[in-house]
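Reviewing the structure listed below.
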2 protein chains.
Amino acid sequence: MSDLVERLRERGWRMTVQRRIVAEVLDGEHMHLTADEVHARATARLPEISRTTVYNTLGDLVALGEVLEVATDGRARRYDPNAHRSHQHLLCSRCGAIRDVHPVGDPLADLPAGERFGFALSHAEITYRGLCPECAAPGA
Amino acid sequence: MSDLVERLRERGWRMTVQRRIVAEVLDGEHMHLTADEVHARATARLPEISRTTVYNTLGDLVALGEVLEVATDGRARRYDPNAHRSHQHLLCSRCGAIRDVHPVGDPLADLPAGERFGFALSHAEITYRGLCPECAAPGA
DNA sequence: TATTGACTTGGACTGTGTCCATCGTAGGAT
DNA sequence: ATCCTACGATGGACACAGTCCAAGTCAATA
């Protein structure tokens, strides 16, 4: 299963029990967990793992480009293990559910040079908002 | 834009010194301030204004649709007084500076029906990321 | 100007994230 | 297989963002 763990080892990442567990927790989830949710799941497998280690490891994974950090609401950041395929997010305005989506085209192309203010653009993050089928249903 | 203050009064908002000052602080800025930055500027004019009141007032303004809340990085939320003209944001990855920008085209058009998962889309928020001229400069 | 209920205050509290001194250990060297 | 040591883990304290609450204050109305 863990492509991820293998890739990290090949890149000279010192593999500790803690790091492996954090990577596996992320890898096994198709949701976008917060740091504390990752910590909770990791704790189930290694009770003495510290919060700091989880934060450090998540930060490292983001720096390595293996995981994306998503800030949807100004509360806890969420971690998205699906970093290898470019994608955007679809968020339900009512219940907060998130899905990965894949729009067509290059969003950077839509920002004219005159609107770039000298910035060196790296990428664009798009959050589509709306109501999910459950929340839009009249009876629900 | 005592427009803003007027609009609020017409909508039955009880106008207090504190609320007027918060509205004026936002109105007078073309940056996107955090709640604590608003509080600092308000304090310069009314030293005893409380943090809670600033938070309450900002929350009310957002609920009234007069101000937009922007969550860019999972740290402090920023408040954007320019709620009446559709726009997106350009964010410096290093220093966190934000500018309003106006891309061309309709971002919703880029999301194929097959990628909408039954959601009733309302709008899309785009954050362009990159380095601002100051942070990109070698010596800075 | 008196009344009243909405608003403000400030301190305590929660949640999220970071820092740091100290201890432990993965992985190379022998 | 064992030793070494630099890198990683720990956990408690701290910092920051935001919320809650009980008590005091005041804007709007009559």
Side-chain angles (χ1 to χ4, degrees), chain A residues 2 5-6 8-26 32-43 45-64 66-80 96, chain B residues 2 5-6 8-25 32-43 45-64 67-80 95-96 98:
Chain A
S2 280
V5 169
E6 265 320 300
L8 295 170
R9 201 190 298 272
E10 280 164 17
R11 294 170 72 174
W13 217 44
R14 187 153 139 187
M15 192 48 61
T16 65
V17 182
Q18 293 84 352
R19 284 178 168 182
R20 186 171 40 72
I21 286 179
V22 169
E24 287 172 0
V25 164
L26 278 175
H32 300 55
L33 301 176
T34 65
D36 278 342
E37 287 167 349
V38 172
H39 182 231
R41 282 166 171 71
T43 295
R45 292 216 256 151
L46 184 69
E48 60 280 357
I49 193 171
S50 76
R51 229 163 50 92
T52 303
T53 294
V54 172
Y55 274 96
N56 287 342
T57 303
L58 289 171
D60 290 348
L61 288 170
V62 170
L64 287 168
E66 293 289 347
V67 162
L68 287 179
E69 211 171 48
V70 191
T72 54
D73 61 355
R75 316 192 88 168
R77 301 171 197 165
R78 291 179 176 273
Y79 293 87
D80 179 350
Chain B
S2 30
V5 171
E6 262 320 299
L8 294 170
R9 200 191 300 271
E10 280 164 16
R11 293 169 72 174
W13 218 43
R14 187 154 140 186
M15 191 49 60
T16 65
V17 182
Q18 292 85 352
R19 286 177 167 182
R20 197 185 61 253
I21 286 180
V22 169
E24 287 172 0
V25 164
H32 300 56
L33 301 175
T34 64
D36 278 341
E37 287 166 350
V38 172
H39 182 232
R41 282 166 171 71
T43 296
R45 294 170 60 188
L46 185 70
E48 60 280 357
I49 192 172
S50 77
R51 228 163 54 92
T52 302
T53 294
V54 171
Y55 274 97
N56 287 342
T57 303
L58 289 171
D60 291 349
L61 288 170
V62 169
L64 287 169
V67 162
L68 287 179
E69 208 172 50
V70 190
T72 53
D73 60 354
R75 317 192 86 168
R77 299 172 198 165
R78 290 177 178 274
Y79 293 88
D80 180 349
C95 71
I98 304 185

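What you are looking at is a predicted structure, and each value in this text was computed from that prediction instead of being measured. Naming: A, B, ... by sequence-line order, numbering from 1 per chain.
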Considering only [options], which nucleotide approaches the side chain of [X] most closely?
| X | options | value |
| --- | --- | --- |
| Ser50(A) | dT9(C), dA27(D), dG11(D) | dG11(D) |
| Glu48(A) | dG18(D), dT10(D), dT19(D) | dT10(D) |
| Arg77(A) | dT18(C), dT9(C), dG18(D) | dT18(C) |
| Val17(B) | dG12(D), dA27(D), dC21(D) | dA27(D) |
| Arg14(A) | dT10(D), dC7(C), dA26(C) | dA26(C) |

Report the C-alpha distance between Asp80(B) and Val67(B) in whole Å, list the side-chain angles of each, state the deciding distance to 0.1 Å, and finish with yes or no for side-chain contact (heavy atoms from CB on, under 4.5 Å). CA-CA 6 Å; Asp80(B) 180 349; Val67(B) 162; 5.6 Å; no
Is it the case that the side chain of Glu37(A) and the backbone of Thr34(A) share a donor-acceptor pair, with hydrogens and angles ignored and the cut-off at 3.5 Å?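 Yes; judged by distance alone, with no hydrogens or angles, the pair exists.
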Work out which heavy atom in [X] is nearest to a heavy atom in [Y]; give both atom names and the distance.
| X | Y | answer |
| --- | --- | --- |
| Ile49(A) | His39(A) | O-NE2, 3.1 Å |
| Met15(B) | Leu8(B) | CE-CB, 4.1 Å |
| His32(A) | Arg78(A) | O-NH1, 2.7 Å |
| Arg11(B) | Leu64(B) | NH2-O, 3.2 Å |

For atom [atom1] of [X] and atom [atom2] of [N], their distance in whole Å:
| X | N | atom1 | atom2 | result |
| --- | --- | --- | --- | --- |
| Leu46(B) | dT8(C) | CG | C1' | 10 Å |
| Trp13(A) | dA26(C) | CH2 | C1' | 14 Å |
| Ile49(A) | dG11(D) | CD1 | P | 10 Å |
| His39(A) | dT18(C) | NE2 | C1' | 15 Å |
| Met15(A) | dG8(D) | CE | C1' | 12 Å |
| Arg20(A) | dA9(D) | CZ | C1' | 15 Å |
| Asp36(B) | dT19(D) | CG | P | 12 Å |
| Leu58(B) | dT8(C) | CG | P | 12 Å |

Less than 3.5 Å between a donor and an acceptor, one on the side chain of Arg51(B) and one on the base of dG18(D), is that the case here?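 By the distance-only test, yes, there is a pair.
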Does [N] have its OP1 or OP2 closer than 4.0 Å to a side-chain nitrogen or oxygen of [X]?
| X | N | value |
| --- | --- | --- |
| Thr53(B) | dT9(C) | yes |
| Gln18(B) | dT25(D) | no |
| Tyr55(A) | dG17(C) | yes |

Looking across every strand, which nucleic acid part, if any, lies under 4.0 Å from [X] by heavy atom: base, sugar-phosphate, or nothing?
| X | result |
| --- | --- |
| Thr16(A) | sugar-phosphate |
| Arg9(B) | sugar-phosphate |
| Arg19(A) | sugar-phosphate |

Residue closer to the 5' end of DNA chain D, Asp60(A) versus Asn56(B) (nearest nucleotide): Asp60(A)
